[in-house]
Amino acid sequence: MRPTPQTEQELLSRAHELAGLSLGELAQEAGIITPPDLKRDKGWVGQLLEWHLGATAGSKPVPDFIELGIELKTIPIGYNGKPLETTFVCVAPLIGLQGLNWENSHIRHKLAKVLWIPVEGERDIVLADRRVGSPLLWSPSPDEEQRLRRDWEELMDMIVLGHVEKITARHGEILQLRPKAANSKALTEAYGADGQPIKTLPRGFYLKTHFTAELLERYFILQ
DNA sequence: CTATGATCATTG
DNA sequence: CAATGATCATAG
């Protein structure tokens, strides 16, 4: 991969240089073969951009740019300019929740500073021809953080009370809880309704598309 | 198994 | 046709 940027400015200017380029061009520069589609390579776009921007974390549970405290997220955009998919943030803790609060939560730290990179995502555009958009460095506004916190507390309350299996993707205004697993047979431990341990699907926190659409829109309005 | 990176594909 | 629930690849 390319060298790790040492400053926020350097990271941003490098991200701006990628705007307008196609994934095929970026893959060629990186010496990577572009897969026919993303069916078996769902994280390919994200990893390609990591390479070009010099992200360091790999699969470690830390921000992509440790020194800068910045998380990198690619986001697929449709013809209407809006996100085509929800955005996975992190896995939800289901046990050992004593002392856990919003302030010290994994998700708050993950979302503290995010470099969003929109990428054309319509499936009828050949993967190699999809273009990268302009980057957006975002931190939650006070209002956004409050909404995130409200949703997080509602969801975590249900988990603590042993109601994790009653939670659907409809809970939460901007944050949702959904399965995050290899398949439906991968189980992890959680609290049951009687406080007894149960086995259930691992869950992840995802940002709903209407929220990420707001972010991008707010940014473009400011341009 | 959990963490990283997410999108797929069925359904309402 | 958007959204929910399910799934894919890889590293450790």
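Lettering of chains follows the sequences in order, A, B, ..., and the numbering in each one begins at 1. Quick caveat, the model's predicted, so the values are computed rather than measured.
Of the candidates B:dT7, B:dG5, B:dT4, the closest approach to any side-chain atom of A:Glu50 belongs to B:dG5. Closest to the A:Leu38 side chain, of the nucleotides C:dA6, B:dA6, B:dT7, is B:dT7. Nearest to the side-chain atoms of A:Pro76 among the listed nucleotides B:dT7, B:dG5, B:dA9 stands B:dT7. For A:Ala186, the side-chain atoms get nearest to B:dC1 when compared with the rest of B:dC8, B:dC1, C:dA6. Here the nucleotide nearest the side chain of A:Lys73, chosen from B:dA6, C:dA3, B:dC1, is B:dA6. The side chain of A:Asp64 lies closest to B:dG5 when the candidates are B:dG5, B:dC8, C:dT7.
In this structure, A:Lys82 places its NZ atom where only 12 or fewer heavy-atom neighbours from other residues, nucleotides or ligands lie under 6.0 Å away.
Contacts of A:Arg170 with the nucleic acid, taken as non-hydrogen atoms under 4.0 Å apart, involve only primed sugar atoms and P, OP1 or OP2. In this structure, A:Val91 reaches the sugar-phosphate backbone alone: every heavy-atom distance under 4.0 Å involves primed, P, OP1 or OP2 atoms, never a base. Residue contacts for A:Glu71: at a heavy-atom cut-off of 4.0 Å it reaches the sugar-phosphate backbone alone, with no base atom in range. A:Arg40 comes within 4.0 angstrom of the backbone, heavy atoms only, and of no base. Using a 4.0 Å heavy-atom cutoff across all strands shown, A:Gly46 reaches sugar-phosphate atoms only and no base atom. Using a 4.0 Å heavy-atom distance criterion, A:Ala181 is classed as a base contact.
Mapping A:Gln47 and A:Gly121 onto DNA chain B by nearest heavy atom places A:Gln47 closer to the 5' end of the strand. Where A:Asp37 and A:Trp44 meet DNA chain B, the nucleotide closest to each residue was compared, and A:Trp44 sits on the side nearer the 5' end. Annotation: of the two residues near DNA chain C, A:Lys39 and A:Lys208, the 5′-most nearest-nucleotide partner is A:Lys208. DNA chain C is contacted by both A:Ala169 and A:Leu84; A:Leu84 maps to the nucleotide lying nearer its 5′ end (nearest heavy atom per residue).
In this structure a side-chain-to-backbone donor-acceptor pair under 3.5 Å is present from A:Glu120 to A:Arg131. A distance-only check finds no donor-acceptor pair linking the side chain of A:His52 to the backbone of A:Arg2 [under 3.5 Å]. The closest donor-acceptor contact from the side chain of A:Glu25 to the backbone of A:Ser22 lies under 3.5 Å.
A close approach under 4.0 Å does occur between a side-chain nitrogen or oxygen of A:Ser184 and OP1 or OP2 of C:dT7. Between B:dT2 and A:Thr188, a contact under 4.0 Å exists linking OP1 or OP2 to a side-chain N or O. Phosphate contact (OP1/OP2 of B:dA6, side-chain N/O of A:Thr74, threshold under 4.0 Å): present. At the phosphate of C:dT4, OP1 or OP2 sits under 4.0 Å from a side-chain N or O atom of A:Gln176. When the side-chain nitrogen and oxygen atoms of A:Lys60 are compared with OP1 and OP2 of C:dG12, none of them lie within a distance under 4.0 Å. Regarding contacts with the backbone of C:dA2, every side-chain N or O of A:Thr209 stays at 4.0 angstrom or more from both OP1 and OP2.
B:dA6 atom P lies 14 Å from atom CZ of A:Arg178, rounded to whole Å. Rounded to whole angstrom, the span from the CD atom of A:Glu85 across to the P atom of B:dC8 amounts to 7 Å. Put simply, CG on A:Asn80 is 14 Å from C1' on C:dA3, counting in whole angstrom units. The CG-P distance, from A:Asn183 to B:dA9, rounds to 15 Å in whole Å. A:Tyr79 places its OH atom 14 Å from the P atom of C:dC1, with the value rounded to the nearest Å. Summarising the geometry, the separation between NE2 on A:His106 and C1' on B:dT2 is reported as 12 Å, rounded to the nearest angstrom. Between the CG atom of A:Leu49 and the P atom of B:dT7 there is a distance of 11 Å, rounded to whole Å. Distance A:Glu189 CD to B:dC1 P: 12 Å, rounded to the nearest Å.
One finds the NZ atom of A:Lys208 at 5.5 Å from the CD atom of A:Gln176 (value rounded to the nearest 0.5 Å).
Between A:Arg108 and A:Glu103 there is a salt bridge, since at least one side-chain N of the basic residue sits less than 4.0 Å from a carboxylate O of the acidic one.
Judged by distance alone, with hydrogens and angles left aside, A:Tyr206 brings no side-chain donor or acceptor close enough to the base of C:dA3 to form a pair under 3.5 Å. Evaluation of atom-type donor-acceptor distances gives a pair under 3.5 Å for the side chain of A:Lys42 against the base of C:dT7. For B:dT4, its base sits under 3.5 Å from the side chain of A:Lys180 at one donor and acceptor pair at least.
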Worked verdict on A:Arg149 versus A:Glu154 for salt bridge (Lys or Arg N to Asp or Glu O under 4.0 Å): CA-CA 8 Å; A:Arg149 176 180 187 146; A:Glu154 176 195 339; over 6 Å; no
